[in-house]
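Both ligands and their constituent atoms are indexed starting at 1 by order of listing.
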Amino acid sequence: MGRLWRQLRWRIVAAQMVVVVVGVALVLLMAYVILGLFAPPGVLAELDAFRRSVFTAVSVAAFGAIIAGLMTSFWLAREILRPLRQITASSQRLAHGHYTERVPVPASDELAQMAENFNQMAAALEQVEQQRVALIGNVSHELRTPLAGLNGYLEGLMDGVFPGNEETFALMDHEVRRLRRLVDDLQALSRVEAGQITLQLADFDLIPLVERVLRQLGPSAESQELQMEADFAVPSLSVRADADRVAQVLLNLVGNAIRYTPEGGRIVVEVKAAERTAVVSVSDTGVGIPAEALPYVFERFYRVDTSRTRRSGGSGGSGIGLTISRHLVWAMGGDLTAVSPGPDQGSTFNFTLPLASRPK
Ligand code: ADP
């Protein structure tokens with residue numbers, strides 16, 4: 001590295017020197033030409049003396065210019081090279097995994113911009129690294145719960161604590177399903193986050209799709225004594241989207257509404273048309289979401305109340321569903337948002353979809 005910087009420094013100094021030497025040569029040449037116009041050397045003694053003093057003066061000035069040029073070029077080289085050197089050293093440390101690495105921002109505008117860009121890049125890398133570490137922690141934590149359950153049942157079976165009957169196997173099956181769902185969700189999450197989902201976009205009527213999802217989740221709502229209603233502002237509403245993905249989003253939202261609404265509550269699914277979009281709202285009278293948690297509900301693995309989710313018997317509850325849903329809605333050109341007046345005051349999840357170009 002040292003050799004490279006030395007080379008660069010000498011190049012800067014050499015470039016400055018070339019300018020000074022060419023300048024001095026030009027001045028001498030001009031003095032020679034101008035004085036030569038009056039008389040060639042050796043003809044007029046006064047002119048010869050004048051010529052000599054001009055050359056002496058120009059030589060002294062040239063010497064001074066070279067010294068000043070050398071000093072300024074060394075100073076300039078140092079000023080330019082120091083921040084570049086720092087950035088090079090820091091980028092090497094960054095490449096070796098020191099993500100907290102930052103460089104001081106120099107006073108000069110262009111280099112300050114470069115240093116700021118470097119620091120922004122380092123900060124982004126640090127954030128990605130933190131997310132990666134958190135993701136591994138979250139995934140292993142989520143996998144540990146059903147695995148610990150399975151392990152417990154197996155040990156109980158081997159020790160004869162649990163009878164090898166249908167009930168025990170059903171409990172084990174429940175844990176296996178939970179593991180499977182989690183692995184499927186993780187795979188779906190990685191695909192949507194990487195933008196690797198292929199959408200089958202088509203124009204279709206949203207109303208029958210919403211009715212189908214409500215019929216599908218009806219028994220689950222009934223078993224929890226929840227009242228589930230549809231409120232359609234229009235008899236049909238044609239959207240351009242992927243019907244399977246829309247159903248997946250709706251299943252997640254209505255499924256959450258069922259999970260987070262205590263017995264006797266009410267769930268309403270509304271469909272209406274706005275300017276150029278269809279708006280679907282899923283409202284419930286459930287546990288609600290505190291204002292400080294609202295910005296995070298779409299983050300992967302985020303759960304407002306982990307103990308409540310655990311109590312719900314592990315039906316989902318890994319905090320990935322809303323992340324996947326939001327990415328799906330985004331991919332279809334819409335948006336998914338959440339509102340809640342606060343804890344125990346219910347929540348509403350709204351998502352939009354583009355209307356079909358030609359209403360059917
Ligand atoms: P989970 O599988 O844990 O439900 P989601 O990503 O679907 O994961 O939801 C993330 C978190 O958002 C949930 O753990 C819950 O705390 C909160 N949440 C989602 N839907 C509702 C709702 N309808 N009412 C209250 N809280 C909700």
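Heavy-atom neighbours of M30 CE from other residues, nucleotides or ligands within 6.0 Å: at or below the threshold of 12. No more than 12 heavy atoms of other residues, nucleotides or ligands lie within 6.0 Å of CD in Q187, so this atom counts as exposed by the packing criterion. The local environment of CZ in F55 is crowded, with over 12 non-hydrogen atoms from other residues, nucleotides or ligands closer than 6.0 Å.
At a heavy-atom cutoff of 4.0 Å, ligand 1 is contacted by the side chain of V287 but not by its backbone. The proximity of D284 to ligand 1, defined as any non-hydrogen pair under 4.0 Å, is limited to the side chain. Contact annotation: for I320 versus ligand 1, heavy atoms closer than 4.0 Å belong to the backbone alone. Looking at I289 against ligand 1, only its side chain comes within 4.0 Å, counting heavy atoms.
Between the side chain of T277 and the backbone N or O of L353 there is no donor-acceptor pair closer than 3.5 Å.
Using a non-hydrogen distance threshold of 4.0 Å, G286 does not register as a contact of ligand 1. The shell of residues lying under 4.0 angstrom from ligand 1, judged by heavy atoms, excludes R300. Ligand 1 lies out of reach of F298, whose nearest heavy atom is not under 4.0 Å from it.
Which parts of ligand 1 touch G288 is read off a 4.0 Å heavy-atom cut-off, strictly below it: atoms 25 (C). Within ligand 1, the atoms closer than 4.0 Å to a non-hydrogen atom of R259 are 1 (P), 2 (O), 4 (O), numbered from 1 in the order shown. The distance from ligand 1 to the heavy atoms of N252 drops below 4.0 Å at these ligand atoms: 7 (O). Atoms of ligand 1 found under 4.0 Å from any heavy atom of Y302 (numbered from 1 in listed order, with element): 10 (C), 11 (C), 14 (O).
Evaluated by nearest non-hydrogen atom to atom 20 (N) of ligand 1, the leading choice among N256, V304, T261 is N256. Taking each of Y296, Y260, F301 in turn, the one with a heavy atom nearest to atom 13 (C) of ligand 1 proves to be Y260.
Side-chain atoms of Q131 and E129 form no donor-acceptor pair, as typed in the model, at a separation below 3.5 Å. For the 3.5 Å distance criterion, the side chains of Q248 and D244 fail to qualify, holding no donor opposite an acceptor. Using a 3.5 Å distance cut-off with no hydrogens or angles, the side chains of S238 and D203 do not pair a donor with an acceptor. Of the N and O atoms on the side chains of S281 and N350, at least one donor lies less than 3.5 Å from an acceptor on the other residue.
Ligand 1 has an N or O atom lying under 3.5 Å from an N or O atom of L322, backbone or side chain. Taking distance alone, with nitrogen or oxygen atoms compared against 3.5 Å, G321 approaches ligand 1 more closely than that limit. Checking only distances, T323 never comes within under 3.5 Å of ligand 1, N or O to N or O. Annotation: V297 places no N or O atom under 3.5 Å from an N or O atom of ligand 1; distance criterion only.
Checking L217, I258, D284 one by one against L226, the side-chain contact (heavy atoms from CB on, under 4.5 Å) holds for a single residue, I258.
No close placement of the W330 and F351 rings is indicated, their centers lying 6.0 Å or farther apart.
Relative orientation of the Y302 and Y296 rings is tilted, given thresholds of 30° and 60° on the angle between their planes.
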